[in-house]
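A short worksheet on the structure shown next.
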Amino acid sequence: MEFTSVTIIIGTTDETDSLKKTVDYIMENCDYDDLSKVLMVKSKNASEGCNEAISFLEVKYGEKVRGLEQTRPYIGGAIRDGFDAADSSHIMLLPSDLAISLECIPEMIRRVKAKPDVISKTSRWLKKDSFHEYNGLRKIINKLSQIFLRVLYSADLTDFTSPVQTAPTDAYMKSVWQELNFPFLLEMVLVPLRRGYRFEEFAVGCYGRQQGKSKNSAKQTALYLKTALRIRFTKKSRLTKE
């Protein structure tokens, strides 16, 4: 396959300034022709400030940047709605709260242009001191999770639990998804991995949420284990759409 363009999906609910900074960075630092669209997928109960930010960005950047109100429920549903709206060779997922260093955006595009069949993936664990203003307990739990998943999947990835990556569109459109809530973020990595897609990680800085309130919970995090086990022991053929 070859790279033609990328659809960048940004989920948002109550982010304002951080959403603007993210989209501004994309439009100022990425080749215009590499972008199919920047898709800001908002929840039905998005805050007034969030809606105003989306409208502002649509006017500022025209057809390349647009908002989409999700129809499926929860965060996974929003991302899957974004998949359906993509019309490009590749899809990138980004947070809207500045939780990841924005320099990763043009770097992922550069990498998939060079290797279109390989999923370009960010990793918070490739370098020391990549975590900034991050909850200490959450960091320990995350580290233990990476070790467990590396053994379970016999894979050499260092960051299974962050889906900030750029993948061929078929990696998503031809996968069988089951999750709709936060475990979908893990499913985004594990299903393409089980289907045989190659990943190439590179180091990225990680920051505590800069704006908005996290919708994740301890219960949702615990459900990651169930999702990981299900995918690991599901036949590959059942993870791929016929």
Side-chain angles (χ1 to χ4, degrees), residues 6-30 35 37-43 45-47 49-51 53-54 57 65-70 72 74-83 85-86 90-109 119-126 130-135 138-139 142 145 159-167 172 179-189 201-217 220-221 224:
V6 61
T7 297
I8 301 180
I9 298 172
I10 307 172
T12 186
T13 299
D14 54 6
E15 295 81 9
T16 53
D17 292 343
S18 63
L19 176 61
K20 290 179 181 179
K21 288 179 181 178
T22 299
V23 175
D24 284 343
Y25 184 92
I26 293 168
M27 300 307 294
E28 293 168 5
N29 292 274
C30 297
L35 303 174
K37 64 173 71 77
V38 178
L39 197 58
M40 303 168 288
V41 186
K42 65 175 183 175
S43 65
N45 63 341
S47 69
C50 180
N51 283 313
I54 290 172
L57 292 165
V65 177
R66 66 184 181 90
L68 174 70
E69 185 171 293
Q70 70 183 90
R72 295 181 178 94
Y74 309 119
I75 185 172
I79 297 169
R80 288 166 63 177
D81 286 348
F83 290 169
H90 289 73
I91 294 175
M92 179 190 301
L93 179 68
L94 288 178
S96 58
D97 59 359
L98 301 178
I100 292 291
S101 176
L102 297 179
E103 285 82 2
C104 73
I105 301 169
E107 178 63 15
M108 280 191 283
I109 295 176
I119 296 176
S120 178
K121 187 181 185 317
T122 61
S123 172
R124 301 160 294 178
W125 290 102
L126 274 176
S130 291
F131 288 82
H132 309 278
E133 301 173 7
Y134 199 87
N135 180 280
R138 285 185 61 192
K139 183 179 177 182
N142 190 286
S145 298
D159 198 345
F160 292 83
T161 56
S162 172
V164 180
Q165 59 192 30
T166 302
Y172 295 143
E179 307 295 345
L180 284 169
N181 217 323
F182 279 92
F184 179 73
L185 302 178
L186 179 63
E187 193 175 33
M188 279 184 67
V189 177
E201 290 183 308
F202 66 96
V204 66
C206 171
Y207 302 86
R209 173 176 280 270
Q210 302 296 298
Q211 193 173 63
K213 184 178 180 181
S214 175
K215 313 305 180 296
N216 205 347
S217 66
Q220 289 297 321
T221 302
Y224 276 41

Test side-chain contact (heavy atoms from CB on, under 4.5 Å) on Ile26 and Ile10; report intermediate values, then the result. CA-CA 11 Å; Ile26 293 168; Ile10 307 172; 4.1 Å; yes

Could you walk me through whether His90 and Thr7 pass side-chain contact (heavy atoms from CB on, under 4.5 Å), step by step? CA-CA 6 Å; His90 289 73; Thr7 297; over 6 Å; no

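- For Ser145, the side-chain hydrogen bond (donor to acceptor under 3.5 Å, both in side chains) test picks out no residue, with sequence neighbours left out.
- Side-chain contact, Glu15 with Thr12: a donor N or O sits under 3.5 Å from an acceptor N or O.
- Proximity of Gln165 to Ser120: side-chain heavy atoms (C-beta onward) are nowhere separated by under 4.5 Å.
- At least one donor-acceptor pair closer than 3.5 Å links the side chain of Glu201 to the backbone N or O of Asp159.
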Run Met92 and Ile9 through side-chain contact (heavy atoms from CB on, under 4.5 Å) and show every step you take. CA-CA 6 Å; Met92 179 190 301; Ile9 298 172; over 6 Å; no

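- A search for side chain to side chain contact (heavy atoms under 4.5 Å, CB included) contacts involving Tyr74 returns Leu180, Asn181, not counting sequence neighbours.
- Residues satisfying the salt bridge (charged side-chain N to carboxylate O under 4.0 Å, His left out) test with Arg72, not counting sequence neighbours, are Asp81, Asp84.
- Under the side chain to side chain contact (heavy atoms under 4.5 Å, CB included) criterion, Lys139 pairs with Trp125, Phe131, Tyr134, not counting sequence neighbours.
- The distance from the CG atom of Leu68 to the NZ atom of Lys37 is 9.5 Å, given to the nearest 0.5 Å.
- A heavy-atom distance below 4.5 Å is not found between the side chains of Tyr25 and Thr22.
- Contact annotation: the side chain of Ile75 approaches that of Leu185 to within less than 4.5 Å [non-hydrogen atoms, C-beta and beyond].
- Residues satisfying the side chain to side chain contact (heavy atoms under 4.5 Å, CB included) criterion with Asn51, sequence neighbours excluded, are Lys42, Ala46.
- Atom SG of residue Cys30 and atom CD of residue Glu107 lie 11.0 Å apart, to the nearest 0.5 angstrom.
- Counting heavy atoms from C-beta on, the side chains of Leu39 and Arg66 come closer than 4.5 Å.
- Looking only at distances, no side-chain donor or acceptor of Lys21 sits under 3.5 Å from a matching main-chain atom of Thr16.
- Nearest heavy-atom pair, Ile54 versus Gly67, reported as atom, atom and distance to 0.1 Å: CG2-CA, 3.8 Å.
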Verdict with reasoning, Thr161 to Asn142, per side chain to side chain donor-acceptor pair (under 3.5 Å): CA-CA 8 Å; Thr161 56; Asn142 190 286; 3.3 Å; yes

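- In this structure a side-chain-to-backbone donor-acceptor pair under 3.5 Å is present from Ser18 to Ser96.
- In this structure, the salt bridge (charged side-chain N to carboxylate O under 4.0 Å, His left out) partners of Glu69, at least two apart in sequence or on a different chain, are Lys44.
- Looking only at side-chain heavy atoms (C-beta outward), Met188 and Ile79 come within less than 4.5 Å of each other.
- Looking only at side-chain heavy atoms (C-beta outward), Phe184 and Pro163 stay at 4.5 Å or farther from each other.
- Side chain of Lys121 to backbone of Ser162: a donor-acceptor contact under 3.5 angstrom is found.
- Leu19 CG to Cys50 SG: the interatomic distance, rounded to the nearest 0.5 Å, is 6.0 Å.
- The side-chain hydrogen bond (donor to acceptor under 3.5 Å, both in side chains) check on Glu179 picks up Thr227, Arg230, with sequence neighbours excluded.
- Using a 4.5 Å heavy-atom cutoff, the side chains of Leu93 and Val164 are not in contact.
- The side-chain hydrogen bond (donor to acceptor under 3.5 Å, both in side chains) check on Ser123 picks up Thr158, with sequence neighbours excluded.
- When each of Ile8, Val204, Leu94 is checked for a side chain to side chain contact (heavy atoms under 4.5 Å, CB included) with Met108, only Leu94 meets the rule.
- Residues Thr13 and Ser47 are not in side-chain contact: their nearest non-hydrogen atoms beyond the backbone lie 4.5 Å or more apart.
- By the side-chain hydrogen bond (donor to acceptor under 3.5 Å, both in side chains) test, Ser130 is found to be paired with no residue, residues two or more places apart in sequence or in another chain being considered.
- Between Gly82 and Val41, the closest heavy-atom pair is CA-CG2, 4.3 Å.
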side-chain contact (heavy atoms from CB on, under 4.5 Å) assessment of Leu98 paired with Tyr207: CA-CA 7 Å; Leu98 301 178; Tyr207 302 86; over 6 Å; no

